[in-house]
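A note on names: the letters A, B, ... follow the listed sequences, proteins ahead of strands, and every chain is numbered from 1.
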Number of protein chains: 2
Amino acid sequence: MSAALRPGAPSGAPRPDAEAIVAPRVPVSRDAVVQTAMRLVEAHGIDALTMRRLSDELGVAVTAIYWHVGNRDALLDALVDRLAADMGTLRSSGASARERITSLAETLRVRLRDRPHLIGLAHERGRTPEMFLPVEQVMAAELASVGVQGKDAALALRAISTHVVGSVLLERAAGRSSSAVNAGDLWPTDGEDPELVEALAAPTDFDRLFAVGLNALVDALVPREPPPR
Amino acid sequence: MSAALRPGAPSGAPRPDAEAIVAPRVPVSRDAVVQTAMRLVEAHGIDALTMRRLSDELGVAVTAIYWHVGNRDALLDALVDRLAADMGTLRSSGASARERITSLAETLRVRLRDRPHLIGLAHERGRTPEMFLPVEQVMAAELASVGVQGKDAALALRAISTHVVGSVLLERAAGRSSSAVNAGDLWPTDGEDPELVEALAAPTDFDRLFAVGLNALVDALVPREPPPR
DNA sequence: ACCTGAACACCGTTCAAGT
DNA sequence: ACCTGAACACCGTTCAAGT
């Protein structure tokens, strides 16, 4: 089911500057390797990314991959690089600084949640900070506008972005749980608060959970008014 | 450097009910397998747990492991089971319900942080809820004492324990980062708030970060006074 | 009941060799 | 500059066979 389009298949214009004619060759670029790897990880998770499967997908021998990216570890680094670049920039929207900060955090969350396997990878490699960068830049300006700067601003930024990744990671983990274990299933059912047990047995509402935590953080860290001048 | 104490070595009393005499045998129990696996993971991380290394450590052939635990996946499940059991129970201490809840969360955090590789494993397998169980039981009682019950209590419990695991997971990830990438290193140094950039370049103070988030959550979710009766 | 050894399919990686 | 094939050490797992 693989190794299909190995020979020929000259998609793309033939390069005029080559002594070609015989076999267009269309060499696999480093870029193509990274891109295909990204697709594999997004679609089937990190375990699906084996050097051999990747080379199959590209229609080359395994060893060709090594020429382009060095080894698997370097390839994973390249994936995170690209993911970080893909995060792009953000604009804040909302009436007050607090609303704008809230909406920034929500946007980042959605963006991360769209590519769960890849942010899982970034997490494993301790490179989540790079994912925050774009939002933090904008958020810093918002904080400054209400008088939060310096070390306080750094703390607030970290608290909020930590909350975002934490939420995404845990939601992802919950999704991966085979039997979807919830705390409620483990509680004694003869307790004094059956409504609590029932609520814990139900699947977590991650949207609400995220919102509650975010609200609490914003309340604690972002003042309502700009400071008196 | 392994496969050392293979034959003989009859540690533990010889069983009197056996037809033995010739070779004490001391069979490897399922319990011993799980225990050794746990040690391996705690000491060297999940990747160090290969079936072959494990069997070496136990002084048996690889295939013997399979007889005791089925396969690697089942073994990992057994590890998480044991971890959950090891979490034990907790007592809350403090003057008010708020203080007791705060100290419970802090205790859970420390307990999880002591075994980073194992809770990483539990996380990967979507089984963190079981780690919370003991604390949540006690915390539910504290919440009830200030009038928080039912669905509200469930939300509060989840918000707090999510914050705890999230913190631990991210701290662990930061520790695993090779070059300890911090957001500050990526910011332009010609910004308008050099103190902010400097603070972001410094390593994260996870204790403080945790405390700030926890405080915000407790403020938002746990009332100061018990409700009027 | 408990363990071994051979065997299989699958990894990542190196290297000499080809064009 | 780019790719191949053979080879190596290491995985998890199955199975028939031993005691």
K.L.:
Whole Å only: how far is the CE atom of Met51(A) from the P atom of dA9(C)?
P.N.:
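These atoms are roughly 23 Å apart.
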K.L.:
Relative to the 5' end of DNA chain C, which residue comes earlier, Gly70(A) or Arg53(A), by the nucleotide with the nearest heavy atom?
P.N.:
Arg53(A)
K.L.:
Is Asp47(A) paired with Arg53(A) through a side-chain N to carboxylate O contact shorter than 4.0 Å?
P.N.:
no
K.L.:
Can Glu57(B) and Arg39(B) be counted as an ion pair, charged N to O under 4.0 angstrom?
P.N.:
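A salt bridge is present here (some side-chain N lies under 4.0 Å from a carboxylate O).
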K.L.:
So, applying side-chain contact (heavy atoms from CB on, under 4.5 Å) with Phe132(B), which one of Leu157(B), Val164(B), Val165(B) is it?
P.N.:
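Option passing the side-chain contact (heavy atoms from CB on, under 4.5 Å) with Phe132(B): Val165(B).
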K.L.:
Output yes when Asp31(A) and Arg82(A) qualify as a salt bridge under the 4.0 Å nitrogen-oxygen rule, no when they do not.
P.N.:
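Salt bridge: yes.
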K.L.:
Without decimals, in angstroms, what is the distance between Leu54(A) CG and dC10(C) C1'?
P.N.:
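Atom CG in Leu54(A) sits about 16 Å away from atom C1' in dC10(C).
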K.L.:
Would you mind reading off the distance between Trp67(A) atom CH2 and dT14(C) atom C1', rounded to a whole angstrom?
P.N.:
17 Å
K.L.:
Measure CZ/Arg72(A) against C1'/dG12(C) and give the value in whole Å, please.
P.N.:
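Nearest whole value for this atom pair: 9 Å.
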K.L.:
Considering only NZ, NE, NH1 and NH2 on the basic side and carboxylate oxygens on the acidic side, decide whether Glu171(B) and Arg109(B) come within less than 4.0 Å.
P.N.:
yes
K.L.:
May I have the distance from Asn71(A) (atom CG) to dC11(C) (atom P), rounded to whole angstrom?
P.N.:
17 Å
K.L.:
Which part of the nucleic acid, if any, lies within reach of Thr63(B) when heavy atoms closer than 4.0 Å are counted: base, sugar-phosphate only, or nothing?
P.N.:
base
K.L.:
Do the side chain of Arg172(B) and the main chain of Ile119(B) share a donor and acceptor less than 3.5 angstrom apart?
P.N.:
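Judged by distance alone, no pair lies under 3.5 Å.
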K.L.:
Specify the residues of residues 76-83 of chain B, ordered by number, for which at least one heavy atom lies under 4.0 angstrom from an atom of DNA chain D.
P.N.:
none
K.L.:
So, does Arg72(B) use its side chain to make a donor-acceptor pair with the main chain of Met51(B) at under 3.5 Å?
P.N.:
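No; zero donor-acceptor contacts below 3.5 Å.
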K.L.:
Using 4.0 Å as the upper bound for N to carboxylate O, is an ion pair formed by Asp81(A) and Arg127(A)?
P.N.:
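Asp81(A) and Arg127(A): salt-bridged.
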K.L.:
Rounded to the nearest angstrom, tell me the gap between atom CG in Asp47(A) and atom P in dC11(C).
P.N.:
11 Å
K.L.:
Nearest-nucleotide wise, let me know which of Thr50(B) and Arg52(A) is further upstream toward the 5' end of DNA chain D.
P.N.:
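Whichever sits nearer the 5' end wins; that is Arg52(A).
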K.L.:
Rounded off to whole Å, could you give me the CG-to-C1' distance for the Leu58(B) and dC2(C) pair?
P.N.:
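Going from Leu58(B) (CG) to dC2(C) (C1'), I get 14 Å.
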K.L.:
From the options dG12(D), dC3(D), dT13(C), select the nucleotide whose nearest atom is closest to the side chain of Tyr66(B).
P.N.:
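Among dG12(D), dC3(D), dT13(C), the one nearest the side chain of Tyr66(B) is dG12(D).
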K.L.:
Run the ring-ring contact (aromatic ring centres under 6.0 Å, His included) test against His123(A) and tell me which residues pass, sequence neighbours left out.
P.N.:
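Listed in chain order: nothing, the list is empty.
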K.L.:
What stems show up for DNA chain D when you take Watson-Crick pairs (N1-N3 plus N6-O4 or O6-N4) and G-U wobbles (N1-O2, O6-N3), both under 3.5 Å, and require three or more consecutive pairs?
P.N.:
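Stem list for DNA chain D: C:4-8 with D:12-16, C:12-16 with D:4-8.
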K.L.:
For His68(A) and dC2(D), give me the distance from atom NE2 to atom P, rounded to whole Å.
P.N.:
6 Å
